[in-house]
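A quick write-up on the structure given underneath.
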2 protein chains.
Amino acid sequence: MTTLTDVTDGATAKGEQTRELILSTALRLFREQGYGKTTMRAIATEAGVSVGNAYYYYSSKEHLMQAYYDHLQVLHREAVQEILSGDKSFTKRLTGVLRSWLDVSEPYHEFAGTFFKTAAEPKSPLSPFSEESRPAREASIEIFRQVVEGSDLKLPADLRAELPELLWLMQMGIVLFWVHDDSSGLRRTKLLITSTVPLVDRLLRLTRIPGVKGVVNDLVGVIRQLKGV
Amino acid sequence: MTTLTDVTDGATAKGEQTRELILSTALRLFREQGYGKTTMRAIATEAGVSVGNAYYYYSSKEHLMQAYYDHLQVLHREAVQEILSGDKSFTKRLTGVLRSWLDVSEPYHEFAGTFFKTAAEPKSPLSPFSEESRPAREASIEIFRQVVEGSDLKLPADLRAELPELLWLMQMGIVLFWVHDDSSGLRRTKLLITSTVPLVDRLLRLTRIPGVKGVVNDLVGVIRQLKGV
DNA sequence: CCTGCTTCTTGAACATGTTCAAGAAGCAGG
DNA sequence: CCTGCTTCTTGAACATGTTCAAGAAGCAGG
């Protein structure tokens, strides 16, 4: 897959065009009729190529979804720039980033369930924890790093260093909630964000209290240990 | 499915026998070769029935997994009785319950990934949050209620009321970690449990500190609100 | 033991993701 | 413009979950 993305060697301009065509057709059909109801045959027919050809570029139906996920990442990163260069308030920055993820992903809400499904399998390259999705994951964590760094938040250095990753985990939790949320206008997920973010902010500021500090230090220790082992 | 479980009307003794035969054969094959590599044809052949017959009792391959999940729940509940009637220490009770879940599930570790996969899809009846798995979920939460109630933990009443559900969520998190854990002897998951439980205990005891109390109250409020909306 | 109704069982047929051998198209070196 | 190599494309064939019409087996009421 990676070599095919290198435009320099191998891939023809024509080839790249076919690849794009297949992907955009697939994404459109996913959006229109959902992942489950979109067959590989339908994608191929609609794109005017053969099934085998689709498999030449994307080694499975899931990989077409992987591509969608990457697509979303890019959109999110763009959508978030304005917020990150604006306010200094930690809660506003975090809320903004989480909300804009929601906005970007909204058109895909229904079929995101299926994405999550395949993503949850550990061996799957689509898993958010897998080696293959490392780039996307790190790009995501990078956003949260910016959230923290550009903010007015005062924190002990070691907690501050782990925080972006923890916020990314928090987002994973919100995504999980979102996937299951069928309230109108995603009311419940929005409520989750608006009520959780200030709490996180307050919890983080609690770390100044001596009694709390010890526990937080240990927590950071546990995280580091688990990452190391 | 529910009606078929009612032995009173409908189902024959013979029928029940076939049902059991299919399930036990399926579970054995899942364990021996994993979920993905076990075909419905193989299950049917091995059990000495036709494919169609397997579908008469279990409406999909996933439902065979659902049955496995129920099976695990029962085992866990049994395994946990001794611990719950013994020690009063909260950390010991919680550690014991989590560890015994690990023991019970160990033989299924490899194929549990696939279970998680199908379970993560929101519409799936296998989802831990679905209506269909409510009985299993509540049975699980009930275990954590016993963990809390029989323990020496002193907590504000409202937090204490929400705690079993929160501990269940914590277990879901551990399960997610476990599914991705390929360290030898599940070293990492065990480490996660032994290091997280005391932290949880300390965090909970922190709720006596005035500054912390307010945040916790709000947290409980958020949880209640989300459950209600 | 007949009759009619329910429960159970069968295996072929279907749907759909995936593979593969064959060849077409593109292109660089001569 | 040939030759040989790489890239691309095809569609039939395969694997496997699932459905379905047909009928067999069981059983209660007469």
Side-chain angles (χ1 to χ4, degrees), chain A residues 1-23 25-26 29-30 33-66 111 114-115 117-118 121 124-126, chain B residues 1-23 25-26 29-30 33-66 111 114-115 117-118 121 124-126:
Chain A
M1 227 196 113
T2 41
T3 50
L4 284 169
T5 320
D6 294 336
V7 190
T8 32
D9 67 18
T12 322
K14 178 96 187 303
E16 272 315 296
Q17 215 170 309
T18 311
R19 166 190 287 277
E20 299 276 309
L21 177 63
I22 291 167
L23 178 59
T25 308
L29 293 180
F30 287 167
Q33 13 176 296
Y35 180 81
K37 283 192 191 118
T38 305
T39 68
M40 289 301 283
R41 279 164 186 78
I43 295 171
T45 306
E46 196 78 358
V49 299
S50 67
V51 229
N53 202 5
Y55 277 92
Y56 179 74
Y57 291 103
Y58 297 92
S59 57
S60 72
K61 198 181 171 187
E62 291 192 6
H63 273 84
L64 279 166
M65 198 134 69
Q66 170 86 291
F111 100 82
T114 321
F115 173 72
K117 166 176 170 160
T118 62
E121 190 179 33
S124 163
L126 288 182
Chain B
M1 218 195 119
T2 41
T3 49
L4 284 169
T5 321
D6 295 336
V7 191
T8 34
D9 67 19
T12 321
K14 178 96 188 302
E16 271 315 296
Q17 216 172 308
T18 312
R19 168 189 285 279
E20 300 276 310
L21 177 64
I22 290 166
L23 177 60
T25 307
L29 292 180
F30 287 168
Q33 13 176 297
Y35 180 80
K37 284 192 192 121
T38 305
T39 69
M40 289 302 281
R41 280 165 185 78
I43 295 170
T45 306
E46 196 79 358
V49 299
S50 68
V51 228
N53 201 6
Y55 277 90
Y56 180 75
Y57 291 102
Y58 297 92
S59 56
S60 72
K61 196 181 171 187
E62 291 191 4
H63 273 84
L64 278 165
M65 200 134 68
Q66 169 86 289
F111 101 83
T114 321
F115 173 72
K117 166 176 170 159
T118 63
E121 189 177 34
S124 163
L126 287 183

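Lettering of chains follows the sequences in order, A, B, ..., and the numbering in each one begins at 1.
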### Summary
Between B/I22 and B/N53, the two heavy atoms sitting closest are CD1-O, 4.1 Å
### Message
Quick check for you: among C/dC8, C/dC14, D/dT9, whose closest atom lies nearest to any side-chain atom of A/T18?
### Response
D/dT9
### Message
Heavy atoms from C-beta onward define the side chain here; which of C/dG11, C/dC8, C/dG17 lies closest to that of B/Y57?
### Response
C/dC8
### Query
What is the distance from NZ of B/K61 to P of D/dA15, rounded to the nearest Å?
15 Å
### Closest contact, heavy atoms only, A/H63 versus A/Y58
O-CD2, 4.2 Å
### Atom-pair distance (CD1 on B/I43; P on D/dG17), nearest Å
8 Å
### Task
Whole angstrom is fine here: how far is it from CD in B/Q17 over to C1' in C/dT7?
15 Å
### Message
On a heavy-atom basis, which atom in B/L29 and which in B/T38 lie closest, and how many Å separate them?
### Response
O-OG1, 3.3 Å
#### Entry: For A/A47 against A/L21, the heavy-atom pair lying closest together
O-CD2, 3.3 Å
### Task
Using a 4.0 Å heavy-atom cut-off across all strands, classify A/V49 as base, sugar-phosphate, or nothing.
sugar-phosphate
### For atom CD of A/E16 and atom P of D/dT6, their distance in whole Å
20 Å
## Note on the structure
Using Watson-Crick geometry (N1-N3 plus N6-O4 or O6-N4) or G-U wobble (N1-O2, O6-N3), each under 3.5 Å, C/dA21 is paired with D/dT10
## Note on the structure
On DNA chain C, more 5' by nearest nucleotide between A/N53 and A/T39 is A/T39
### Task
Verify the contact: side-chain N or O of B/Y56 to OP1 or OP2 of C/dT9, cut-off strictly under 4.0 Å; return yes or no.
no
#### Entry: Base-pairing assignment for D/dC5 (Watson-Crick or G-U wobble, both under 3.5 Å)
C/dG26
### Spacing of A/K37 atom NZ relative to C/dA15 atom P, expressed in whole Å
16 Å
### Task
Please state how far atom OH in A/Y55 lies from atom P in C/dT18, giving the value in whole angstrom units.
4 Å
### Summary
In terms of heavy-atom contacts, B/K61 and B/G36 come closest through NZ-O, 4.0 Å
### Task
Whole angstrom is fine here: how far is it from CD1 in A/I22 over to C1' in D/dC8?
10 Å
### 5'-most by nearest nucleotide on DNA chain C - B/V51 or A/T38
B/V51
### Task
Write down the distance between CZ (B/R41) and P (D/dC14), rounded to a whole number of angstrom.
14 Å
